[in-house]
J.: 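Below is one structure. I have some questions about it.
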There are 2 protein chains.
Amino acid sequence: MPNATIRDVAREASVSVASVSRALNGATNIRPELRDHIRDVANRLGYVPHAGARNLSLARSSTIGVVVPDLHGEFFSELLRGMDRQASELGLHLLLMVMHGEADRGVTALHAMRGRVDGLVVMAPQITSDELFAHLPRSMPSILVNCAPHAVVRPELRVDNVAGAVAIVEHLAAGGCRRIVHIAGPEANIDAQERLRGTQEACARLGLALRVLQGDFNEDSGTTAVATLQTEGAAYDAIFAANDNMAVGALMALKRAGIAVPEQVAVAGFDNIPLTRLISPALTTASIDIAEFGARAVVRLAGLIDGAADDHLEWRAPIVIARESTRQPSNNTTENPIRRGDRE
Amino acid sequence: MPNATIRDVAREASVSVASVSRALNGATNIRPELRDHIRDVANRLGYVPHAGARNLSLARSSTIGVVVPDLHGEFFSELLRGMDRQASELGLHLLLMVMHGEADRGVTALHAMRGRVDGLVVMAPQITSDELFAHLPRSMPSILVNCAPHAVVRPELRVDNVAGAVAIVEHLAAGGCRRIVHIAGPEANIDAQERLRGTQEACARLGLALRVLQGDFNEDSGTTAVATLQTEGAAYDAIFAANDNMAVGALMALKRAGIAVPEQVAVAGFDNIPLTRLISPALTTASIDIAEFGARAVVRLAGLIDGAADDHLEWRAPIVIARESTRQPSNNTTENPIRRGDRE
DNA sequence: GCTCTTGATGTAACCGGTTACATGAAGCAA
DNA sequence: TTGCTTCATGTAACCGGTTACATCAAGAGC
């Protein structure tokens with residue numbers, strides 16, 4: 001037996017569909033006793049409105065699409081968590097869409113969102129903005145999160161990786177480090193590029209020696225980097241890995257090599273994955289509040305859907321989360337997050 | 001300017017809406033040149049079909065709802081990852097819904113899924129099955145994942161904690177352990193109860209001495225348990241904690257007490273949290289393939305949606321992931337996952 | 001030439017809601 | 001009583017697709 005429709009309820013209650021709709025949606029222009037009667041009938045029939053039909057006639061789905069490149073790891077679960085919390089507060093649902101590498105298939109999949117969601121949070125660092133814009137329906141409100149850089153001004157949210165890297169280097173320098181090794185992330189990755197750039201800028205400005213080793217964001221490349229340094233007999237007093245995974249790999253390798261952290265070599269990562277708190281020594285890292293970041297994206301998107309004028313690029317600067325793996329400076333730098341304003 | 005509709009395309013191409021629909025959906029009963037012409041016009045107008053309208057007339061949304069109690073931690077991101085992979089393979093979208101503690105609000109939120117999704121994967125260990133069934137529309141295909149136990153037979157998927165605990169105990173026994181200490185999880189927790197039961201069964205069957213200490217799934221309770229054993233001067237050669245957190249606590253406490261792991265005492269946990277690989281000695285643990293678990297739920301749900309008869313409870317038995325914290329038996333038990341058939 | 005079949009195309013109903021507008025009854029003033 | 005307003009309720013159009021069925025032209029068979 002299929003689900004009851006509004007017409008079934010109307011017939012059963014001997015009223016029109018309009019009255020049923022009014023009764024169930026709390027309209028005021030209906031006689032209270034009729035309203036109650038209709039509600040009783042609806043309950044008795046186990047009537048549950050068909051959201052799809054409702055969305056069609058209201059031209060509003062109360063759903064927002066979340067486009068992410070991946071779901072691996074805690075970053076995305078935190079991001080989703082923040083988005084979900086905010087969305088449910090605003091009465092919105094979340095339609096999840098993972099856009100894997102293949103740009104063509106993924107980009108056309110954006111089309112499938114039309115008529116399914118009211119707007120999109122798009123996190124697509126792996127495709128060029130041209131491809132992205134070409135396939136984002138212009139009438140679809142959307143906010144870009146950590147996407148590839150582009151010329152057009154659009155509603156956008158971005159982690160300020162440069163500022164984060166600068167903050168980490170400053171923290172290392174404040175702890176007395178002078179010869180920094182940076183384990184970079186994949187060359188094609190925007191985040192990795194920006195973190196490298198921030199490191200370079202800060203080292204240059206502070207007069208620190210900098211050595212860059214190539215990594216790939218995986219734990220192994222941190223281990224490999226330390227092995228390289230060991231065989232070379234290189235002199236350094238700090239390792240700043242472009243993400244926590246690599247930092248953990250480096251940390252483990254240093255431990256095995258009998259090098260004291262942070263006494264001989266300080267280690268810092270980036271992202272603040274939960275693991276960083278648990279290992280010993282606990283890892284110093286930099287991070288934004290990921291859940292808040294996600295929530296913010298949802299808030300701005302909700303504004304866009306409601307027609308708000310919002311066309312600006314907003315940066316979130318990470319703060320340094322100082323832990324055991326680095327020497328603490330006398331003045332604690334963790335307290336005042338550096339917030340950059342909009343750049344340009 | 002709003003998006004073009006199928007009627008706009010029809011007018012512009014001087015054909016009927018039926019022809020447009022046929023052209024764009026690859027029907028065969030249309031003249032190829034007309035089909036191409038319509039496609040050209042559609043492209044020129046930037047026509048993207050309205051999925052909501054399509055769903056309404058097809059009575060099918062190609063979307064499945066995923067109900068989870070939380071999004072914290074790696075378990076859920078892995079689960080989602082597996083579901084997403086499978087769903088996108090089957091051409092399905094994922095609508096995410098987090099059902100927080102408050103049963104009433106969450107349970108009625110299930111109603112909002114009607115007409116929005118074709119079926120549900122429900123993971124709701126925190127609410128009783130009565131509440132759950134009362135609010136699951138009967139016509140809504142759904143598969144329960146690790147839900148509270150209940151009498152009715154339903155499509156269901158469950159981690160076989162009993163089998164996992166048995167496997168761990170067998171692994172410990174194979175490594176020569178004879179006096180097992182089990183640190184149990186919270187008494188009210190289903191998983192904890194089942195793991196305890198498996199431990200008891202296996203120890204009885206294998207003739208091993210078993211001592212059970214109460215824990216609470218937190219790291220501290222592992223530490224406390226070891227402290228208790230120390231002050232008692234108890235004799236034991238293995239600790240099996242009902243989850244990894246407690247195992248890690250126990251491991252650290254043993255280390256501090258100067259007890260060699262695994263030589264004097266073997267340690268095993270449950271869940272395979274990422275940390276277990278990274279600590280030293282790496283922790284032996286038991287776990288299912290979470291992503292595969294999620295994917296399986298989606299496959300079965302897709303079957304249900306297509307009308308397949310599927311009313312059975314399926315168990316996934318964890319496999320032992322043998323690492324440094326236990327003595328390895330001569331024949332490796334990690335290779336053959338023990339798969340239990342349906343119980344009862 | 002006429003009928004029958006075949007296949008492309010158009011018309012309009014339908015999916016299940018919402019809501020502008022029509023209707024009609026009740027209340028009130030003159 | 002008549003006319004006007006107010007307000008609850010009903011009717012039917014609409015959202016944007018799909019598709020059963022009607023229609024019609026072309027080709028086949030006689």
Side-chain angles (χ1 to χ4, degrees), chain A residues 2-39 41-42 45-63 111-118 137 139-140, chain B residues 2-39 41-42 45-63 111-118 137 139-140:
Chain A
N3 259 316
T5 74
I6 196 172
R7 279 168 240 270
D8 296 331
V9 177
R11 191 178 333 107
E12 188 74 11
S14 311
V15 295
S16 71
V17 291
S19 293
V20 177
S21 180
R22 285 191 271 258
L24 299 181
N25 292 316
T28 54
N29 52 347
I30 185 167
R31 204 159 28 99
E33 60 250 56
L34 183 60
R35 171 166 49 71
D36 295 342
H37 171 231
I38 292 173
R39 289 192 175 166
V41 173
L45 295 184
Y47 170 69
V48 182
H50 188 286
R54 190 155 205 273
N55 297 342
L56 182 58
S57 66
L58 289 178
R60 178 177 242 278
S61 63
S62 298
T63 302
H111 284 184
M113 295 295 105
R114 141 110 164 122
R116 226 184 269 275
V117 302
D118 295 334
S139 63
M140 171 86 78
Chain B
N3 260 316
T5 73
I6 196 172
R7 281 168 237 269
D8 296 330
V9 178
R11 192 179 331 110
E12 189 73 11
S14 311
V15 296
S16 70
V17 291
S19 293
V20 177
S21 179
R22 286 191 271 257
L24 299 180
N25 292 317
T28 54
N29 53 345
I30 184 168
R31 208 161 25 101
E33 59 249 59
L34 183 61
R35 171 167 46 74
D36 295 343
H37 170 231
I38 292 173
R39 290 190 176 169
V41 172
L45 294 183
Y47 171 68
V48 182
H50 189 286
R54 191 157 205 272
N55 297 342
L56 181 58
S57 66
L58 290 178
R60 177 178 246 277
S61 63
S62 298
T63 301
H111 284 185
M113 295 295 105
R114 140 111 164 123
R116 227 185 270 275
V117 302
D118 295 335
S139 64
M140 171 85 79

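Residue numbers start from 1 in every chain, and the chains themselves are labelled A, B, ... in the order their sequence lines are given, proteins ahead of strands.
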J.: Has the side chain of A:R22 got a donor or acceptor atom that lies under 3.5 Å from a matching backbone atom of A:I30?
T.: no
J.: Take atom CD1 of A:I30 and atom P of C:dT18, then tell me their distance rounded to the nearest Å.
T.: 13 Å
J.: Would you kindly compare A:V17 and A:T28 by the position of their nearest DNA chain D nucleotide and give the one closer to the 5′ end?
T.: A:T28
J.: From the set D:dG10, D:dG17, C:dG10, return the single nucleotide nearest to any side-chain atom of B:Y47.
T.: D:dG17
J.: Any side-chain heavy atom of A:R54 sitting closer than 4.5 Å to one from A:N25?
T.: yes
J.: Over how many whole Å does the gap from B:R22 atom CZ to D:dC21 atom P extend?
T.: 14 Å
J.: Mind calculating the distance between CD1 (A:I38) and C1' (C:dT18) to the nearest angstrom?
T.: 15 Å
J.: Below 4.0 angstrom from OP1 or OP2 of D:dG10, is there any side-chain N or O of A:S16?
T.: yes
J.: Answer yes or no: side-chain N or O of B:R114 and base N or O of C:dG16 forming a donor-acceptor pair under 3.5 Å.
T.: no
J.: Check this for me, if you would: do B:R11 and B:D8 make a salt bridge, where the nitrogen-to-carboxylate-oxygen distance has to be below 4.0 angstrom?
T.: yes
J.: If the cut-off is 4.0 Å, is B:N25 near the phosphate of D:dT18, judged by side-chain N/O to OP1 or OP2?
T.: yes
J.: Heavy atoms from C-beta onward define the side chain here; which of D:dT19, D:dG10, D:dG17 lies closest to that of A:S19?
T.: D:dG10
J.: Checking all strands, does A:L56 fall into the base, sugar-phosphate, or nothing category for heavy-atom contacts under 4.0 angstrom?
T.: base
J.: Could you give the CZ-to-C1' distance, from B:R60 to D:dT19, as a whole number of Å?
T.: 17 Å
J.: Would you kindly give the CG-to-C1' distance between B:N29 and C:dA8, to the nearest whole Å?
T.: 7 Å
J.: Answer with yes or no whether B:R54 presents, from its side chain, a donor or acceptor under 3.5 Å of a partner atom in the base of D:dG16.
T.: no
J.: Is there a donor-acceptor pair closer than 3.5 Å between any side-chain N or O of A:S61 and the backbone N or O of A:N55?
T.: no
J.: Let me spell it out: for each of A:A18 and B:A59, pick the nucleotide of DNA chain C with the closest heavy atom. Which residue's pick is nearer the 5' end?
T.: B:A59
J.: Starting at CZ of B:R31 and ending at P of D:dC24, how long is that distance when rounded to a whole Å?
T.: 18 Å
J.: Can you see if the side chain of A:S21 gets near the phosphate of C:dT18 - specifically, an N or O under 4.0 Å from OP1 or OP2?
T.: yes
J.: Nearest whole Å is fine: how far is D:dT9 C1' from A:R35 CZ?
T.: 15 Å
J.: Hey, is the main chain of A:A23 close enough, under 3.5 Å, to the side chain of A:R39 for a donor-acceptor pair?
T.: yes
J.: Roughly how many Å is it from CZ in A:R7 to P in D:dA12, rounded to a whole number?
T.: 12 Å
